[in-house]
Amino acid sequence: MKLLYLVLDGAPDGLIEKSSLRIARKPSIDEIAKKSVCGLMYTVGRGYAPESDSAVISILGYDPEKYYTGRGPIEAIGSGVELKDFFLALRANFATVDPESMKIIDRRAGRDLSSEEARELASSLDGMEIDGFRITVRASVGHRAVVVIESDVPLSDEISNTDPAYDKVGHISVAKKDFSPYIAECRPLSDREDAKISAKIVNIFTKKAVEILDKHEVNLRRKKEGKLPANALLMRDAGNRVPKFEQINRRFGRSFGAIAEMPVEMGICKLMGMREKKVPPPTGDLERDLPSRLSATKELLNEVDVSYVHLKGPDVYGHDGDLMGKVRSIELIDSIFVRGIAEELDNVAILITSDHATPWTLKAHSDDPVPVALRIPGENGDGIECFCERECLRGSLGTIDHGWTLLPMIMKRI
Ligand SMILES: O=C(O)[C@H](O)COP(=O)(O)O
């Protein structure tokens, strides 16, 4: 039996009264959930407020503690950057800072940076040399970018983030509830010489980037237009190795395909050997974007056994603390995407879940468990009323402590 694996990025808000999933009018999703077995899932593990990368690796069946090597290399691959033998890759955000004090005014430069503006800004930094190391800077979607330090010798990834919103716990980065609003000094996390070198390059690059970006014509124009300048790069999740996954098709004996909107998810799916079904980059307007996701999914369902579809929408509103925006994004996913695909799913199992919670009350990822609904045609469901945290809490799947156990269990059932 085929499977549609639908991930609503950041949709959950936790077991709170005003949960977007509870408030949103989503008849198509709720209809599926009613016929599903349901539960709650800690996508990485209890106590982790994961980023999308470790969470997606986990819900695709791979323990991130064993496989995860940092977001940087994954974002680089998802952004089409060629990684040579020795490198250090970091996820970056174009952000707005006070260039004197390095105080962060907005971690995402107002979230209105166009991909064209980001590309122009990235190209002003791309190819910079620092102490003989060449720096590649590649813009991806909106405020997101990747920085790759190329080297002839191995570079250590044991360095801290300059983005204060995320902390490294081992290799895995977790969102912080509170943080000091300044660009953090990159620190070596070991006393090895190569960690000190990596940290030094990152700090020099960070300062040079602010000098160059603050004077860049794109930012002079943005300031004139009353927009925030994207005059800094916040960096996080350094990695010097590409994760090696057993190819997912071989692992589960089924063909997998992926539709995703962000380089990080596309990078993971590419590394697992999934067929990539490209869609236009998100415009920030779900009504405009969802039809192309829907048509691509209909095609993918005919091409592979398991279609992994990762929709970004709700996460953005969670980060911005916008409850009604988040509710609206879920309602649009329901009315355009899920209602549109429902007629194709008569003999297809569907799994609906999320990679992590991004509570609008927190404006960040949280360690709350995410709801799971698995509908297998011909099998009875739990009859829950609505796809949300509280209803799924009482589902027959119970609480799944580690997301990477879910897919292996499902693949045995369908
Ligand atoms: O949108 C993304 O890339 C991440 O999910 C959140 O990252 P940000 O907090 O840096 O925007």
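For ligands, and for the atoms within them, numbers begin at 1 and follow the listed sequence.
For E185, the side-chain hydrogen bond (donor to acceptor under 3.5 Å, both in side chains) partners at least two apart in sequence or on another chain are N203. Remark: L83 engages P73, A76, I77, V81, F87, V148, V242 in a side-chain contact (heavy atoms from CB on, under 4.5 Å) (not counting sequence neighbours).
Of the inter-residue distances, the one linking I330 atom CD1 with I23 atom CD1 reads 9.0 Å to the nearest 0.5 angstrom. Distance check, rounded to the nearest 0.5 Å: NZ of K18 to CE of M324 gives 9.0 Å.
No side-chain donor-acceptor contact under 3.5 Å links S151 to the backbone of P154.
Taking the six-membered ring for Trp and the full ring otherwise, Y67 and F245 have centroids separated by under 6.0 Å.
Annotation for ligand 1: atoms under 4.0 Å from non-hydrogen atoms of R107 are 8 (P), 9 (O), 10 (O). For ligand 1, the atoms closer than 4.0 angstrom to any heavy atom of Y166 are 6 (C), 7 (O), 8 (P), 9 (O). Taking a cut-off of under 4.0 Å to the non-hydrogen atoms of H143, the atoms of ligand 1 that pass are 11 (O).
D53 has no carboxylate O lying under 4.0 Å from a charged side-chain N of R91, or vice versa, which leaves the two without a salt bridge.
Here E75 has no heavy atoms under 4.0 Å from ligand 1, in either its backbone or its side chain. Of the heavy atoms in V316, none comes closer than 4.0 Å to ligand 1. Within the 4.0 Å heavy-atom criterion, neither part of E261 lies near ligand 1. By the criterion of a heavy-atom distance under 4.0 Å, the side chain of R71, and not its backbone, is placed next to ligand 1. For M262, no heavy-atom contact with ligand 1 is shorter than 4.0 Å.
At a 4.0 Å cut-off, not a single heavy atom of E51 sits close enough to ligand 1 to count as contact.
Here the protein heavy atom with the shortest distance to atom 11 (O) of ligand 1 is R108 NE, 2.7 Å.
Residue K312 places at least one N or O, backbone or side chain, under 3.5 Å from an N or O of ligand 1. Ligand 1 has an N or O atom lying under 3.5 Å from an N or O atom of R236, backbone or side chain.
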Verdict with reasoning, V306 to M274, per side chain to side chain contact (heavy atoms under 4.5 Å, CB included)
CA-CA 10 Å; V306 180; M274 293 191 199; over 6 Å; no

